[in-house]
Protein chains: 2
Amino acid sequence: MAEKVKRRKTQAKTAIVDILKQSTQAMTHQDIELALDGLCNRVTIYRVLDRLVKEDLAHKLVDVDGVTKYLACRDCGENHLHHHVHFSCEQCGELTCLYHVVPKFTLPEGYHLSEVNFTVRGDCPKCSATSSAAE
Amino acid sequence: MAEKVKRRKTQAKTAIVDILKQSTQAMTHQDIELALDGLCNRVTIYRVLDRLVKEDLAHKLVDVDGVTKYLACRDCGENHLHHHVHFSCEQCGELTCLYHVVPKFTLPEGYHLSEVNFTVRGDCPKCSATSSAAE
DNA sequence: CTCTTAATGCAATTGAGTTGCAAATATCTT
DNA sequence: AAGATATTTGCAACTCAATTGCATTAAGAG
């Protein structure tokens with residue numbers, strides 16, 4: 001029942017993984033398309049990203065504003081479920097993982113957890129340093 | 001600078017507020033359109049919802065899968081920022097507020113918080129009771 | 001009742017993401 | 001190295017949520 005698909009190492013896949021790995025923040029499809037500079041078709045990017053997610057090489061996450069972004073799996077191991085906080089900067093728009101910030105909470109009786117998405121909006125260190133030096 | 005706009009109480013707005021208030025869960029644009037049963041245009045629904053959010057009568061939130069949903073402001077006061085957990089059921093698809101579940105966490109130096117979006121996926125009490133009685 | 005302007009309806013548009021299908025190419029076999 | 005086979009890709013067309021411009025309608029203040 002669990003179809004085993006033989007994955008292939010293609011030019012597009014290699015390039016996309018490289019791009020994702022080089023970024024410290026989550027990237028949109030558009031970001032990646034731009035970085036690839038015409039190396040492959042738009043549709044291919046979508047398909048490669050889907051595959052990467054299936055292979056646990058990348059995370060797909062939705063920002064507070066509904067924008068879908070992708071992130072290379074890095075320190076992922078027990079962190080794979082992203083129980084940590086994602087920080088979404090209101091100024092520069094960056095979406096980053098705060099691997100060490102893991103919220104504590106308890107679900108009421110009857111709720112069963114399978115996945116978590118914690119996103120915090122605000123100003124990142126870079127931006128809050130620049131804009132509100134005197135606050 | 002802070003433009004004061006005179007809001008009007010219209011048929012569409014009243015109907016939409018009523019629908020949202022009667023729902024215990026967050027609703028999509030489509031849910032609302034269905035409930036309105038042709039009372040007004042699709043576009044009007046979008047515009048009314050935008051207004052409701054601006055007036056703090058409703059919340060706009062994005063589910064883990066990127067679907068935008070709306071929720072009437074209810075117990076909102078200090079809760080307005082939605083520091084509590086939203087629960088998104090994988091089976092029935094409901095997105096509800098767990099007002100009493102407020103995660104504890106500490107942001108690293110330099111990060112300034114303005115808004116929070118905590119969404120937890122899994123099975124809600126209703127669904128986990130139905131499907132996995134013997135778990 | 002009249003006037004001002006917010007709100008609405010309609011048609012057209014944008015943009016993200018998907019799908020079907022034929023052509024290209026990665027990988028396995030011999 | 002050549003051939004077989006199934007995965008990947010490109011292309012064009014499509015879906016679906018959401019937005020926009022503009023003319024018309026209707027709140028609600030005076």
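As the structure is a computational prediction, the values presented were derived from the model and not from experiment. Any value given below was found using the heavy atoms of this structure, including those in side chains, with hydrogens, waters and symmetry copies removed. Here is the naming used below: chain letters follow the sequence lines, and residue numbers restart at 1 for every chain.
Nucleotides of DNA chain D with any atom under 4.0 Å from a heavy atom of chain A span, from 5' to 3', D/dA6 to D/dA12.
The other residues sharing a hydrophobic cluster with B/Val62 are A/Val62, where clustering joins ILVMFWY side chains under 4.5 Å apart.
The separation between A/Leu49 atom CG and C/dT18 atom C1' is 14 Å, rounded to whole Å. Put simply, NZ on A/Lys9 is 11 Å from P on C/dA26, counting in whole angstrom units. Across the protein-nucleic acid pair, A/Arg7 atom CZ and C/dA26 atom C1' stand 14 Å apart, rounded to whole Å. As a whole-Å value, the separation of B/Lys6 NZ from C/dT5 C1' is 10 Å.
Sorted by first and then second residue, the salt bridge (Lys or Arg N to Asp or Glu O under 4.0 Å) pairs involving residues 24-39 of chain A (not counting sequence neighbours) form an empty list. Sorted by first and then second residue, the pairs that involve residues 7-20 of chain A and meet side-chain hydrogen bond (donor to acceptor under 3.5 Å, both in side chains), not counting sequence neighbours, are A/Lys13-A/Glu55.
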Side-chain donor-acceptor pairs under 3.5 Å in residues 104-111 of chain A, sequence neighbours left out?
none

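With sequence neighbours left out, the side-chain hydrogen bond (donor to acceptor under 3.5 Å, both in side chains) criterion links B/Thr119 to B/Asn117. Under the side chain to side chain contact (heavy atoms under 4.5 Å, CB included) criterion, A/Leu36 pairs with A/Ala15, A/Ile16, A/Ile19, A/Ile32, A/Leu39, A/Cys40, A/Ile45, sequence neighbours left out. Under the side-chain hydrogen bond (donor to acceptor under 3.5 Å, both in side chains) criterion, A/Arg121 pairs with A/Ser88, sequence neighbours left out. For B/Glu94, the side chain to side chain contact (heavy atoms under 4.5 Å, CB included) partners two or more places apart in sequence, or in a different chain, are B/Gln25, B/Cys92, B/Thr96, B/Lys126. Residues passing the side-chain hydrogen bond (donor to acceptor under 3.5 Å, both in side chains) test with A/Glu115: none are found, sequence neighbours excluded.
Nearer to the 5' terminus of DNA chain D, by closest-nucleotide assignment, is the contact made by B/His29 (compared with the other of B/Arg8 and B/His29).
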Sub-3.5 Å pairs of nitrogen or oxygen atoms, protein against nucleotides 8-11 of chain C:
residue: C/dT8; atom: OP1; partner: B/Thr10; partner atom: OG1; Å: 2.8
residue: C/dT8; atom: OP2; partner: B/Arg51; partner atom: NH2; Å: 2.2
residue: C/dG9; atom: OP2; partner: B/Asn41; partner atom: N; Å: 2.8
residue: C/dG9; atom: OP2; partner: B/Thr44; partner atom: OG1; Å: 2.4
residue: C/dG9; atom: N7; partner: B/Arg47; partner atom: NH2; Å: 2.9
residue: C/dG9; atom: O6; partner: B/Arg47; partner atom: NH2; Å: 2.8

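Going from atom NE2 of B/His86 over to atom CZ of B/Phe118 covers 10.5 Å, rounded to the nearest 0.5 Å.
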Requested in this report: Let me see the working for A/Leu95 and A/Leu71 under side chain to side chain contact (heavy atoms under 4.5 Å, CB included), right down to the final yes or no.
Outcome: CA-CA 9 Å; A/Leu95 182 64; A/Leu71 193 72; over 6 Å; no
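Annotation: the terminal axes of the helix from C/dC1-D/dG30 to C/dT30-D/dA1 meet at 40°, where each axis is the rotation carrying the C1' atoms of four end pairs onto the next four (5 pairs per end, rounded to 10°).
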